Amino acid sequence: MDGDASRDSELPFMPAIEAVGLTKKFGALTAVDSVTFDVEEGEVFGFLGPNGAGKTTTIRMLCCLISKTGGQAKIAGYDVGEEQDALKIRKLIGLMPDNVGLYEALSAYDNLDFFGKLYDRTEGQRKENIQRLLAMLGLWEKKDVTVSTFSKGMKQKLGIACALIHDPQILFMDEPTANLDPESAKTVRDFILELKREKRTIFLNTHNLDEAQRICDKIAILNTKLMATGTPDELERSVSGKKTVVQLVQVTDAILAALRKLPLSNMTIDGNKLTFDVKDPDKENVAITEAIYKAGGQVRSVNIVGSTLEDAYLKLVRSDKT
Amino acid sequence: MRLSKSWVIATKDFKVFLKQKKILYSITVAPIIVSILIPTVISFAGQNKGGHGLAATELTVLLPAFAFFYLILAGYIPTTIASYSIVGEKVEKSLERLLATPTTDSEILLGKGISAFLPSMGAIFGGSVIFMVLMDLVTQPKLGYYYFPNWNTGLVFFLLVPLTVVMSVGWNVIVSSRVTDVRVAQQIGILLILPLAGIYVGGELNLIQLGDTNTLLIIAGILFAVDLLLLYAARATFRREEILTKWK
Ligand SMILES: Nc1ncnc2c1ncn2[C@@H]1O[C@H](COP(=O)(O)OP(=O)(O)OP(=O)(O)O)[C@@H](O)[C@H]1O
Ligand SMILES: [Mg+2]
């Protein structure tokens, strides 16, 4: 109890999730390489990375499911990797694994009730939570229906509900919208936003950039190593340079030949739309339009676009490979 | 270790079994058939060609060995249940979620053990009651007394059968950790009944004195030692890190 009291007094300064040099090796393969980040209470933290980046491995280490091979991590002040803290951590957190992992032969209610029991919730608490969660997800009517008859989206929602049955303040979700149709993905995303309003700390694995941008307060880009961390805005700005998009009436070989003589990088052609990477649009755009006119082309529009999170992501993930 | 956690897991498994006819059948059909079939065969044996059925001396060799038929069942029935309850969780990928709850590996393993042990014992005891009643009815006229129940049969059902069920559960946990297909798990799991069938056949051929209390106690001792070994190995297999990273 003493430990808990001191924990409370430290609370304002303590991140909900903290990793310092967290590393996992499988034999010779390094899956997660010295990753350092922290997640504040009530924050939605997006963990982005390509397949095999180590996202699932990181979640598993943080949830005390597999051991770390290096570094430290803390969940609400408890040490990940300490035998006696593992149960305390697992009591505090909820996990939505990458595989939904429900008992297909049981009803939605029985699935939730089972997990509620494992988290030592009383019958009254379980009833109340099950009703609240299923109602929130629009599944209350289906509470007694066998899960095997559920659609993928419904299963996914029920899976999240199972991770929330004990009202955890910290929730880990491993690609909760992967393999869902756009509509189901949206209901799941809306649900996550609802949880965000309830001020829960959410650690979200995803490779959906759009989703990360819309939901997350902070994003980390992982590719075995941590490539960058920041707010979505910060990451966008971190990629220097802008793009110029020129819409032409007709693209001709003469125009392309003229443009190729200019010192432009990364020209892409999409129908009558040309895109360039530019450093200083004020100067370069003038040169571009001039070259087009001289080659006999007609410009419909010229737009300058800032870099997107996607640009930042691709740049960071690719930079690792070279 | 908190028994309550294991019990929660076991009762969840019971619910799943009740929903799956295949499991229900495989638990109940074999013991019922065996329990009815053997007394029926005995009642007709030796009756053809004007015979008078089996002699009392023959019966006293055959009857104690029949109880060992239930040892074979004790090896077989947990195979179906454990393969469904462990490989089933693997196929549904629900183990990760289960491991993420504040439950220890031992508690989960014990839960799985209970969910395989209790229905197996129930099916065998149920079958054995049918068997003993029918057998008594069939043999009483020849023997002049009711052969069942007796102390040695008690020893078989209350000592050897539970020890065999535990052995089968342990063996099947290990098998289930290595395969991803329920049927393959059962096929390998069932190999365990070979030595048990050997004991049974040995008894019927009068090579092993299965009516002898000392023989029974020696078999119990061997089973107990094998149980300890298998449970130790099962516990070593059932570690969350192994389950998530090495189990196929
Ligand atoms: N049990 C294991 N044994 C050996 N290597 C493993 C194991 N689990 C994961 N890896 C390796 O570790 C790396 C990271 O895998 P991980 O599953 O964490 O990636 P991920 O970011 O979750 O990918 P995805 O987007 O595909 O889910 C991969 O190279 C993977 O092959
Ligand atoms: Mg993954």
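Quick caveat: nothing in here was measured; it's all calculated off a predicted structure. Lettering follows sequence order; numbering is per chain, from 1.
Shown here for Phe115(A) and Thr101(B), the closest heavy-atom pair between the two residues is CD2-CG2, 3.8 Å. The heavy-atom pair separating Arg60(A) from Leu244(B) by the smallest distance is NH1-O, 3.6 Å. Smallest separation of non-hydrogen atoms from Gly101(A) and Ser94(B): O-CB, 3.4 Å. Residues Pro102(B) and Tyr119(A) approach most closely at CD-CE2, 3.0 Å, considering heavy atoms. Across Thr103(B) and Arg90(A), no two heavy atoms sit closer than the pair O-NH2, 3.3 Å.
By number of non-hydrogen pairs under 4.5 angstrom with chain B, the leading residue of Val100(A), Asn99(A), Asp120(A) is Asn99(A). In terms of heavy-atom pairs under 4.5 angstrom with chain A, the leader among Leu95(B), Leu18(B), Val16(B) is Val16(B). Ranked by heavy-atom pairs under 4.5 Å with chain B, the first of Asp98(A), Leu95(A), Thr146(A) is Leu95(A). Ranked by heavy-atom pairs shorter than 4.5 Å toward chain B, the options Tyr103(A), Phe26(A), Phe172(A) are led by Tyr103(A). Of the listed residues (Gln20(B), Glu242(B), Glu89(B)), the greatest number of heavy-atom pairs within a distance under 4.5 Å of chain A belongs to Glu89(B).
Both the backbone and the side chain of Ala163(A) come within contact range of chain B, with heavy atoms under 4.5 Å apart. Only the side chain of Arg2(B) comes within contact range of chain A, judged by heavy atoms closer than 4.5 Å.
Between the side chain of Arg97(B) and the backbone N or O of Pro97(A) there is no donor-acceptor pair closer than 3.5 Å. Side-chain N or O atoms of Lys5(B) include one that pairs as donor or acceptor with a backbone N or O of Leu118(A) at under 3.5 Å.
Note that NZ of Lys19(B) and CD of Glu104(A) are 12.5 Å apart. Values are rounded to the nearest 0.5 Å. Residue Asp174(A) holds its CG atom at 7.5 Å from CD of Glu96(B), rounded to the nearest 0.5 Å. Rounding to the nearest 0.5 Å places CD1 of Ile66(A) at 13.0 Å from CD1 of Ile243(B). A distance of 11.0 Å separates SG of Cys63(A) from CZ of Arg240(B), quoted to the nearest 0.5 Å.
Taking the charged nitrogens against the carboxylate oxygens, Lys155(A) and Glu92(B) have no contact shorter than 4.0 Å, which rules out a salt bridge. One finds no salt bridge joining Asp113(A) and Lys12(B) here, because no Lys/Arg side-chain nitrogen approaches an Asp/Glu carboxylate oxygen to under 4.0 Å.
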